[in-house]
Each structure stands twice: as structure tokens, then as C-alpha cells.
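Okay, structure first, notes after.
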Amino acid sequence: MRDLRLTLVQPNTHWQTPLTNHRLLEGMIEKSGKESDLIVLPEMFTTGFTMDASSNSEEMNGATHAWLIEMANKYSSHICGSIIIQNKGKFFNRLLWVSPDGEHQSYDKRHLFRMANEQKYYSSGDKKLIIQIDQWRICPLICYDLRFPVWSRNRDDYDLLIYVANWPAPRQSAWRSLLPARAVENLCYSVGVNRVGTDGNKVEYLGDSMVADYFGNIVLDANNKEGVFNTKISLEKLRLYREKFPAWKDADNFTLLNTAN
């Protein structure tokens with residue numbers, strides 16, 4: 001069971017300019033010079049967190065999808081992050097996951113951020129996604145999903161929980177509290193990738209991209225610096241801890257009703 005090499009990219013995203021953000025992110029990753037199994041980008045990494053879905057959306061298999069395939073191939077790495085996708089007249093805050101061979105999968109944000117009226121412009125998803133990298137099982141989610149532990153409940157179906165986000169500065173204490181909490185309660189690693197800077201709506205972001213282990217310890221903390229941050233996590237250590245402390249066996253069973261839009 002080899003360690004998983006993670007790369008967290010914490011940019012100062014340019015407002016609603018996808019090609020500029022492609023160049024920014026590619027330059028950041030190239031400067032890192034680290035080999036990685038998984039590169040994680042923030043939520044809406046091509047535009048910032050905008051409600052102008054119609055002007056900033058892409059079709060599936062569009063320019064950003066092609067760019068992700070190029071990056072995954074270039075760095076022989078899986079890569080993920082969310083963008084605005086239009087499909088059959090609806091808009092989705094959709095995480096795209098591309099593997100080194102160019103295969104892709106996607107996850108649509110389940111919990112839409114009411115305080116920004118995200119639910120008025122986007123449709124929510126109703127299915128989780130579990131990705132396999134070697135023996136690692138990975139569950140990627142998006143930003144506001146972090147506040148809803150039932151949706152992220154581990155039913156012994158993942159080892160790593162990922163949140164890609166545009167999480168604003170005024171609520172940064174919640175971000176720093178909930179990411180370790182999700183790791184502890186789900187006996188897994190958790191990763192949160194956020195942006196820095198100020199967006200076109202004058203909302204400030206402090207970054208604090210991080211990796212937390214199953215004890216809730218922060219094993220990587222990007223603080224509020226723009227940059228690329230690398231670490232490794234151990235599946236062997238996680239499995240040994242789960243055997244020693246099998247709290248998951250006492251979890252409550254439940255059925256989650258489909259109430260998505």
C-alpha cells in the first residue's frame with residue numbers, strides 16, 4: 001500500500017477569465033516541480049464563485065475539460081476541481097475528475113449556498129462519487145457540502161474525503177474546525193482546497209487549504225499564501241488505526257431520501 005502523493009493548489013483566482021486561470025494554474029503547478037498522484041484545484045477555479053452562470057458556463061468536453069486532460073497527461077496525475085457546466089438548459093457547479101489516461105468522471109454540488117442565492121442559478125446533484133486510485137478510495141465534494149455531515153458519512157466506502165471550495169474569510173473558523181471534524185468522525189483523511197485574494201464581488205478569501213488525518217491532526221496547512229503545497233498520506237497507517245479503533249462498526253444506519261432539485 002503505497003502512500004498517496006497530494007498536490008493542493010491555492011491560487012488567487014482571476015474573476016471570470018477561464019483562459020487566464022488556466023495559464024495561472026499551469027504555471028503554479030509547473031513551478032512546484034513535484035511528482036503527484038492527485039492535483040486538487042479549488043471550486044470554480046476558472047471563474048471564481050460567480051452567480052452569472054449563463055455567461056461563464058461551459059459545455060462538457062469544452063475548453064476546460066480539454067485543459068484538464070492535457071494537464072493530467074502532462075503530469076501523469078489525476079486532477080480535479082469544479083467549474084460551471086451547462087447541460088440541457090440547467091447549470092451545475094460540477095467537479096470534474098480527470099485521470100492520467102484522459103478518462104473523466106464528475107460530481108455535481110449537492111448543497112447550494114443559499115446565502116449567495118446559488119440555488120436560484122444552479123441545479124443540485126443527488127449522487128456521490130467514489131474514485132479509485134490504486135487501493136485508495138476517494139470521495140470528492142464541494143464547499144458548502146462541508147457543513148452537512150450526513151451527506152459525507154463514510155459507510156466504509158472511502159479513505160479520503162476532499163472538499164474543493166471558495167470559502168470566504170468571515171467564516172474561516174468554521175472551515176478550520178469542520179475539516180478535521182469530518183476526518184475524525186469518518187475515520188479518514190480529509191482535504192480542503194480553497195483560494196486566496198478578493199473576488200469580483202469584493203469577497204475576501206484566506207486560503208487555509210489543508211490536510212487533516214483521522215486523529216484530526218493538521219498534517220499540511222497552506223495558511224493564506226498563494227502557492228502549491230505537497231504532502232503524502234499513508235493508507236497503511238489509516239487501516240491499522242481503523243482495526244485498532246473500529247468506531248465505524250457502531251455508526252447509525254439510515255437511508256438518505258433524494259430531495260435534490
Side-chain angles (χ1 to χ4, degrees), residues 2 4-50 53 55-88 90-109 122-123 125 127-143 158 160-166 191 193-195 209 227-230:
R2 70 179 181 85
L4 187 72
R5 300 169 299 180
L6 292 170
T7 297
L8 281 56
V9 185
Q10 182 166 278
N12 184 350
T13 306
H14 295 275
W15 186 244
Q16 300 184 165
T17 50
L19 293 180
T20 301
N21 286 308
H22 291 175
R23 291 191 292 269
L24 169 68
L25 293 164
E26 187 163 3
M28 292 174 70
I29 295 166
E30 186 172 2
K31 286 180 182 178
S32 168
K34 296 281 188 178
E35 292 186 351
S36 181
D37 299 305
L38 174 58
I39 300 168
V40 187
L41 308 175
E43 178 185 24
M44 292 194 185
F45 66 85
T46 60
T47 60
F49 190 62
T50 175
S55 298
N56 291 283
S57 65
E58 300 184 27
E59 301 284 344
M60 286 297 292
N61 304 315
T64 298
H65 184 205
W67 178 81
L68 287 168
I69 292 173
E70 178 185 343
M71 293 292 288
N73 178 264
K74 180 177 180 179
Y75 293 102
S76 299
S77 175
H78 296 257
I79 186 168
C80 69
S82 91
I83 65 172
I84 304 167
I85 290 291
Q86 178 178 308
N87 184 34
K88 297 180 179 179
K90 293 183 177 181
F91 300 100
F92 298 90
N93 185 345
R94 178 169 292 175
L95 180 138
L96 301 181
W97 184 293
V98 178
S99 62
D101 62 7
E103 292 296 316
H104 80 272
Q105 299 182 69
S106 63
Y107 163 76
D108 293 330
K109 187 177 183 180
Y122 297 90
S123 296
K127 294 180 177 65
K128 286 200 294 185
L129 174 67
I130 305 295
I131 302 288
Q132 190 100 17
I133 299 180
D134 295 328
Q135 295 184 58
W136 286 88
R137 302 166 301 166
I138 303 169
C139 178
L141 300 174
I142 301 175
C143 203
Y158 66 78
L160 170 61
L161 192 56
I162 293 175
Y163 293 92
V164 304
N166 273 208
V191 169
V193 176
N194 195 18
R195 60 160 294 180
S209 298
V228 177
F229 304 87
N230 299 280

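Below, all heavy atoms of this structure are taken into account, side chains as well, without hydrogens, waters or symmetry copies.
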In chain order, what residues pass the salt bridge (charged side-chain N to carboxylate O under 4.0 Å, His left out) check against R94, with sequence neighbours excluded? D108

In terms of heavy-atom contacts, N166 and P42 come closest through ND2-CB, 4.1 Å

Can you find a side-chain donor-acceptor pair between N93 and S82 that sits under 3.5 Å? yes

Would a 4.5 Å heavy-atom cut-off, applied to side chains only, mark L161 and V191 as touching? no

Is there a side-chain contact between E26 and W67 in this structure, where contact means two heavy atoms from C-beta onward sitting under 4.5 Å apart? yes

Are L141 and I162 close enough that some pair of their side-chain heavy atoms sits under 4.5 Å apart? no

Minimum heavy-atom distance between K128 and C139, given as atom pair plus value: CD-SG, 4.1 Å

K34 NZ: over 12 foreign heavy atoms closer than 6.0 Å: no

For V193 versus V9, what's the shortest heavy-atom pair and its separation? CG1-O, 3.3 Å

Can you measure from OG (S36) to CG (L8) and round to the nearest 0.5 angstrom? 9.0 Å

Donor-acceptor side-chain pairing of W97 and H78 below 3.5 angstrom: yes

Assess the residue pair T47 and N21 against the criterion (side-chain contact (heavy atoms from CB on, under 4.5 Å)); give the C-alpha distance rounded to whole Å, side-chain angles, the decisive distance to 0.1 Å, and a yes or no. CA-CA 8 Å; T47 60; N21 286 308; 5.8 Å; no

Compare all side-chain heavy atoms of M60 with those of H104 and state whether any distance is below 4.5 angstrom. yes

Indicate yes or no: at least one non-hydrogen side-chain atom of V40 is less than 4.5 angstrom from one of T7. no

Nearest 0.5 Å, please: how far is CG in L4 from CG in D134? 8.0 Å

Once you round to the nearest 0.5 Å, how far does OG of S57 lie from CZ of F92? 11.5 Å

Run the numbers on N230 and L6 for side-chain contact (heavy atoms from CB on, under 4.5 Å), then give the verdict. CA-CA 6 Å; N230 299 280; L6 292 170; over 6 Å; no

H14: which residues meet the ring-ring contact (aromatic ring centres under 6.0 Å, His included) condition with it, sequence neighbours left out? none

Hits for side-chain contact (heavy atoms from CB on, under 4.5 Å) against T64, two or more places apart or cross-chain, chain-then-number order -> H22, F45, T46, E58, L68, I83

Please tell me whether N194 and Q10 have a donor and an acceptor in their side chains that are separated by less than 3.5 angstrom. no

Going by heavy atoms in the side chains, are N12 and R195 under 4.5 Å from each other? yes

Residue set satisfying side-chain contact (heavy atoms from CB on, under 4.5 Å) with E35, at least two apart, ordered chain then number -> R5

Taking side chain as C-beta onward, heavy atoms only, is Y107 less than 4.5 Å from I142? yes

Residues in side-chain contact (heavy atoms from CB on, under 4.5 Å) contact with I69, at least two apart in sequence or another chain: H65, V98

Measure the shortest side-chain to side-chain distance between I79 and L38 over non-hydrogen atoms and say whether it is less than 4.5 angstrom. no

Quick check: does any side chain N or O of S77 sit under 3.5 Å from a backbone N or O of D37, one acting as donor and the other as acceptor? yes

Can you list the steps and then say if Q132 with W136 is a side-chain contact (heavy atoms from CB on, under 4.5 Å)? CA-CA 6 Å; Q132 190 100 17; W136 286 88; over 6 Å; no

Contacts of R23 that satisfy side-chain contact (heavy atoms from CB on, under 4.5 Å) - sequence neighbours left out: L19, T20

Tested for side-chain contact (heavy atoms from CB on, under 4.5 Å) against P11, the lone hit among L25, V228, L41 is L25

Please test E59 against I85 for side-chain contact (heavy atoms from CB on, under 4.5 Å), starting from the C-alpha separation and ending with a verdict. CA-CA 6 Å; E59 301 284 344; I85 290 291; over 6 Å; no

Reported CD-to-CD1 distance for the pair Q105 and I131, which is rounded to 0.5 angstrom: 3.5 Å

I need the minimum non-hydrogen distance between C143 and Y163, along with the two atoms involved. O-CD2, 4.3 Å

